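Heads up: the structure comes next, in structure tokens.
Source: prediction; values computed, not measured.
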Protein chains: 2
Amino acid sequence: MLSKKTKYGLKALTFLAKQDKKEPIPIADIAEHENISQKFLESILLTLRRTGYLGSKKGKGGGYYLIKDPSEIPMTTVMRVLEGPIAMVSCVSLNFYEQCEDCPDEQSCSVHKLMLKVRDSALEVYRNTTLADLLP
Amino acid sequence: MLSKKTKYGLKALTFLAKQDKKEPIPIADIAEHENISQKFLESILLTLRRTGYLGSKKGKGGGYYLIKDPSEIPMTTVMRVLEGPIAMVSCVSLNFYEQCEDCPDEQSCSVHKLMLKVRDSALEVYRNTTLADLLP
DNA sequence: TATTAACCCTATTGTTTTAATAGGTAAATC
DNA sequence: GATTTACCTATTAAAACAATAGGGTTAATA
């Protein structure tokens, strides 16, 4: 299941992408429009800033805004930062690889084989989908 | 992340598929060969029986065995029984659909849009992969 | 420079899910 | 009828999740 963190993060990004003017939007505004706990959203936006696609400005008139055009923001980055590894098992993860402790041989492991396919298909979706594709 | 339940279940099915003779294999044997807690595996195999692909026999000489050929066992069924819905959000689930409580309009929801794509791609993998494809 | 409104950070808590354990029941075989 | 094996119920320990609380810091504005 998708975590609420990711769900809220995506909704927040979409909300920012929909803004006409690219002025900073306060957290409180996003939280209200998307029905998200403000404090929770705060931490999510902080996390999202690590993607480099999201900028923020402090003080009066401040808030969050997109640095890049939505069409330049791929879901691979967003999903990895919010949800973590795209792979369902660490032994098929590109960015978070770890050997399975209980698995004697990766090549002959059925779980490995299946999850490799699933990862590849998910990756193709995320790579070919940008924030712009998610707008109404 | 894939649950251990699913991981173990897949390993157990693969182990059964690899057997030359199709005689029942006791849980204890599967558990030992695949390094799985026997009690945990018990409940997993019970769950898997609901797919209709797995048979069991009690008493001496009993155990679990595949009813169908591995090539006739698609991953869609196995994954749904073990891991639950293939969709990452209930509003895009085919078999476990539920409306999101916080979402005013599904059609315009960015999460819905993205997760629909992800579901479709995962579904394609699971539909086109049988237990036979996972054998070494 | 004082104020304001926003971002930033740490810690805690309640809930749910997961992974496993324990103990007993039912059925098949010898 | 003793043994073997699957079947069922309940409990628990640990982890992850979703939020809450409270305060601290920063930077515009007046």
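Using a 4.5 Å cut-off between side-chain heavy atoms of Ile, Leu, Val, Met, Phe, Trp and Tyr, with links allowed through other members, A/L10 and A/F15 fall into the same hydrophobic cluster.
Smallest separation of non-hydrogen atoms from B/L131 and B/A17: CD2-CB, 3.9 Å.
For the pair A/T129 (side chain) and A/Y126 (backbone), a donor-acceptor distance under 3.5 Å is absent.
Nearer to the 5' terminus of DNA chain D, by closest-nucleotide assignment, is the contact made by B/G62 (compared with the other of B/G62 and A/K4).
Proximity of residues 24-34 of chain B to DNA chain C (heavy atom under 4.0 angstrom from any strand atom) is not detected for any residue. Listed in residue order, the members of residues 44-58 of chain A having a heavy atom less than 4.0 Å from DNA chain C are A/L46, A/R49, A/S56, A/K57, A/K58.
Think of B/V81 as one node in a network of Ile, Leu, Val, Met, Phe, Trp and Tyr side chains linked at under 4.5 Å; it has no links at all.
A/K39 comes within 4.0 angstrom of a base, heavy atoms only.
Judged by distance alone, the side chains of A/S90 and A/E98 never bring a donor and an acceptor atom under 3.5 Å apart.
Out of C/dA19, C/dC7, C/dA22, the shortest distance to the side chain of B/K5 is found at C/dA19. In the set C/dC7, D/dA18, C/dT21, the nucleotide with an atom closest to the side chain of A/S3 is D/dA18.
No hydrogens or angles were tested; on distance alone, a donor-acceptor pair under 3.5 Å links the side chain of A/E42 to the base of C/dC8.
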